[in-house]
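Report on the structure given below.
These values consider heavy atoms only, across backbone and side chains, with no hydrogens, waters or symmetry-generated copies. Just so you know, ligand 1 is whichever comes first in the structure, and atom 1 is the first atom listed for that ligand. This one's a predicted model, so the numbers in the text were calculated from it and none came from an experiment. Here, residue 1 is the first one in the sequence, and each next residue gets the next number.
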Amino acid sequence: MPRADCIMRHLPYFCRGQVVRGFGRGSKQLGIPTANFPEQVVDNLPADISTGIYYGWASVGSGDVHKMVVSIGWNPYYKNTKKSMETHIMHTFKEDFYGEILNVAIVGYLRPEKNFDSLESLISAIQGDIEEAKKRLELPEHLKVKEDNFFQVSKSKIMNGH
Ligand SMILES: Cc1cc2nc3c(=O)[nH]c(=O)nc-3n(C[C@H](O)[C@H](O)[C@H](O)COP(=O)(O)O)c2cc1C
Ligand SMILES: Nc1ncnc2c1ncn2[C@@H]1O[C@H](COP(=O)(O)OP(=O)(O)O)[C@@H](O)[C@H]1O
Ligand SMILES: [Mg+2]
């Protein structure tokens, strides 16, 4: 079990980066696309932040802020050799946003990464995470992060062309 202090000490955790292509394993076909961050963003995570499933807020470029869940780790079901950080945003986008800047604020921890004996059980675990995250994000302490200057800055920066 990850130690609680290693998780909470770093939250809320803010970061941004360009959306890159993942393994294209068809998470989109499963109805759960995940926007993957490049290696540098993953390498910049605090060294002792636990791998696992987290929730928080995200925006694409200067767009609206939405609820999100993010998976940090090695995806034991797929046995990745590189640590990844993938964000599923609870919003239906008109099109893909590869190459755009994804802004994320992680506010809470849900569970460690797990292995599953079928793809169906992985999918239902992720769906459970999404429902739990939606609920927890309604807490006032989490709602206030949605209004954080971090997201305002991302708007003005992009609008001014910097
Ligand atoms: C909320 C959430 C929870 C996840 N939990 C697990 C997990 O417990 N174990 C695992 O192997 N992968 C987990 N994943 C990662 C999926 O396996 C991953 O999104 C999928 O491999 C797609 O990868 P790709 O973007 O490289 O195509 C989770 C993803 C999300 C968004
Ligand atoms: N709600 C969403 N959350 C995350 N990514 C989304 C969403 N809707 C569309 N996308 C797009 O889908 C891509 C991720 O799909 P995915 O199947 O995980 O492919 P990859 O393996 O390349 O990450 C994202 O990079 C983004 O461009
Ligand atoms: Mg992905």
Side-chain angles (χ1 to χ4, degrees), residues 1-4 6-7 10-45 49-139 142 145-146 150-151 154 158:
M1 270 307 269
R3 287 175 43 157
C6 285
I7 296 165
H10 297 293
L11 302 184
Y13 180 76
F14 298 91
C15 72
R16 17 179 162 256
Q18 207 173 22
V19 177
V20 297
R21 290 196 179 267
F23 291 97
R25 282 185 185 123
S27 53
K28 226 179 273 172
Q29 281 93 315
L30 308 174
I32 315 164
T34 58
N36 296 38
F37 270 136
E39 238 173 278
Q40 309 93 274
V41 176
V42 182
D43 290 345
N44 274 335
L45 284 168
I49 199 168
S50 304
T51 57
I53 316 307
Y54 293 80
Y55 59 94
W57 302 100
S59 68
V60 177
S62 56
D64 292 343
V65 182
H66 303 286
K67 292 177 175 176
M68 65 77 168
V69 280
V70 55
S71 161
I72 301 175
W74 289 273
N75 298 352
Y77 182 80
Y78 291 101
K79 303 185 173 54
N80 287 2
T81 52
K82 270 218 146 301
K83 193 169 171 181
S84 73
M85 181 173 178
E86 317 177 1
T87 305
H88 171 72
I89 305 173
M90 279 81 111
H91 178 75
T92 306
F93 290 87
K94 286 200 198 77
E95 47 197 32
D96 286 351
F97 45 85
Y98 287 110
E100 294 204 42
I101 299 295
L102 174 67
N103 309 290
V104 307
I106 301 175
V107 304
Y109 175 82
L110 288 171
R111 63 172 175 89
E113 292 190 283
K114 284 189 283 195
N115 199 351
F116 294 92
D117 50 21
S118 71
L119 193 56
E120 289 68 35
S121 26
L122 170 63
I123 296 169
S124 53
I126 299 177
Q127 281 163 351
D129 296 333
I130 293 171
E131 290 316 308
E132 185 61 29
K134 280 187 191 163
K135 257 187 261 164
R136 292 205 202 171
L137 284 163
E138 289 301 320
L139 292 171
H142 295 328
V145 179
K146 186 182 182 186
F150 170 79
F151 290 112
S154 72
I158 290 159

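A donor-acceptor pair under 3.5 Å is formed between the side chain of Asn103 and the backbone N or O of Gly61. Within the 3.5 Å criterion, the main-chain N or O of Trp74 finds a donor-acceptor partner in the side chain of Glu113.
Residue-ligand proximity, Tyr78 to ligand 1, at heavy-atom distances under 4.0 Å covers atoms 17 (O), 20 (C), 21 (O). The distance from ligand 2 to the heavy atoms of Gly22 drops below 4.0 Å at these ligand atoms: 20 (P), 21 (O), 22 (O), 23 (O). Those atoms of ligand 1 that come under 4.0 Å of a heavy atom in Asn36, given as number and element, are 25 (O), 26 (O). Of all atoms in ligand 2, numbered sequentially from 1 with element shown, those under 4.0 Å from a heavy atom of Arg21 are 22 (O). Close contacts of ligand 1 with Leu122, meaning ligand atoms under 4.0 Å from a residue heavy atom, involve 6 (C), 7 (C), 9 (N), 10 (C), 12 (N), 13 (C), 17 (O). If you number the atoms of ligand 1 from 1 as listed, the ones under 4.0 Å from a heavy atom of Gly22 come out as 26 (O). Interface atoms of ligand 2 facing Val19, defined by a heavy-atom separation under 4.0 Å, are 25 (O). Each of the atoms 19 (O), 25 (O), 31 (C) of ligand 1 lies under 4.0 Å from some heavy atom of Thr34. The contact set between ligand 1 and Val69, taken as ligand atoms under 4.0 Å from a residue heavy atom, comprises 1 (C).
The closest non-hydrogen atom to atom 4 (C) of ligand 2, taken over Asn36, Val69, Thr87, comes from Thr87. Here atom 19 (O) of ligand 2 lies nearest to Tyr98 when heavy atoms of Phe93, Phe23, Phe37, Tyr98 are compared.
Inter-residue side-chain proximity for Asp129 and Tyr55 is flagged as unmet; no heavy-atom pair is nearer than 4.5 Å. The shortest side-chain heavy-atom distance between Asn75 and Phe23 does not fall under the 4.5 Å cut-off. In this structure, Asn44 and Phe37 have side chains that are not in contact, with every pair of non-hydrogen atoms separated by 4.5 Å or more.
Checking only distances, Ile32 never comes within under 3.5 Å of ligand 2, N or O to N or O. The shortest N or O to N or O distance between Asp129 and ligand 1 is not under 3.5 Å. Where the criterion is an N or O separation shorter than 3.5 Å, residue side chain and backbone included, Ile53 fails it with respect to ligand 1. Checking only distances, Lys114 does come within under 3.5 Å of ligand 1, N or O to N or O. Taking only nitrogen or oxygen atoms, main chain and side chain alike, Glu86 reaches within less than 3.5 Å of ligand 1. Looking at ligand 1, you'll find an N or O of Phe23 within less than 3.5 Å of one of its N or O atoms. Residue Gly24 has at least one N or O atom closer than 3.5 Å to an N or O atom of ligand 2.
At least one heavy atom of Phe116 sits closer than 4.0 Å to an atom of ligand 1. Contact annotation: Ala125 has no heavy atom less than 4.0 Å from any atom of ligand 1.
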Margin query: Please determine whether side chain to side chain contact (heavy atoms under 4.5 Å, CB included) holds for the pair Val19 and Val60, giving the CA-CA distance in whole Å, both sets of side-chain angles, and the decisive distance to 0.1 Å.
Written below: CA-CA 9 Å; Val19 177; Val60 177; 6.0 Å; no
Notebook entry, point to check: What do the steps show when you test Ile106 against Val70 for side chain to side chain contact (heavy atoms under 4.5 Å, CB included), and what is the final call?
Noted result: CA-CA 8 Å; Ile106 301 175; Val70 55; 4.0 Å; yes
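One distance of note links CD1 of Ile101 with CZ of Arg16; it measures 8.5 Å at 0.5 Å rounding. Rounded to the nearest 0.5 Å, atoms CG (Leu122) and CG (Asp117) are 11.0 Å apart. We find the OH-CG distance between Tyr98 and Asn36 to be 7.5 Å, quoted to the nearest 0.5 Å. Taking OG1 of Thr92 as the start and NE2 of His66 as the end, the distance is 9.5 Å to the nearest 0.5 Å. Atom NE2 of residue His88 and atom OG1 of residue Thr34 lie 9.0 Å apart, to the nearest 0.5 angstrom. Going from atom CG of Leu110 over to atom OH of Tyr54 covers 10.0 Å, rounded to the nearest 0.5 Å.
Contacts between His91 and ligand 2 below 4.0 angstrom, taking non-hydrogen atoms only, involve the backbone exclusively. Both the backbone and the side chain of Pro76 come within 4.0 Å of ligand 1, counting heavy atoms alone. When non-hydrogen atoms are compared, ligand 2 lies under 4.0 Å from the backbone of Ile89 as well as from its side chain.
Under the side chain to side chain donor-acceptor pair (under 3.5 Å) rule, Lys67 has a single partner from His91, His142, Glu138, which is Glu138.
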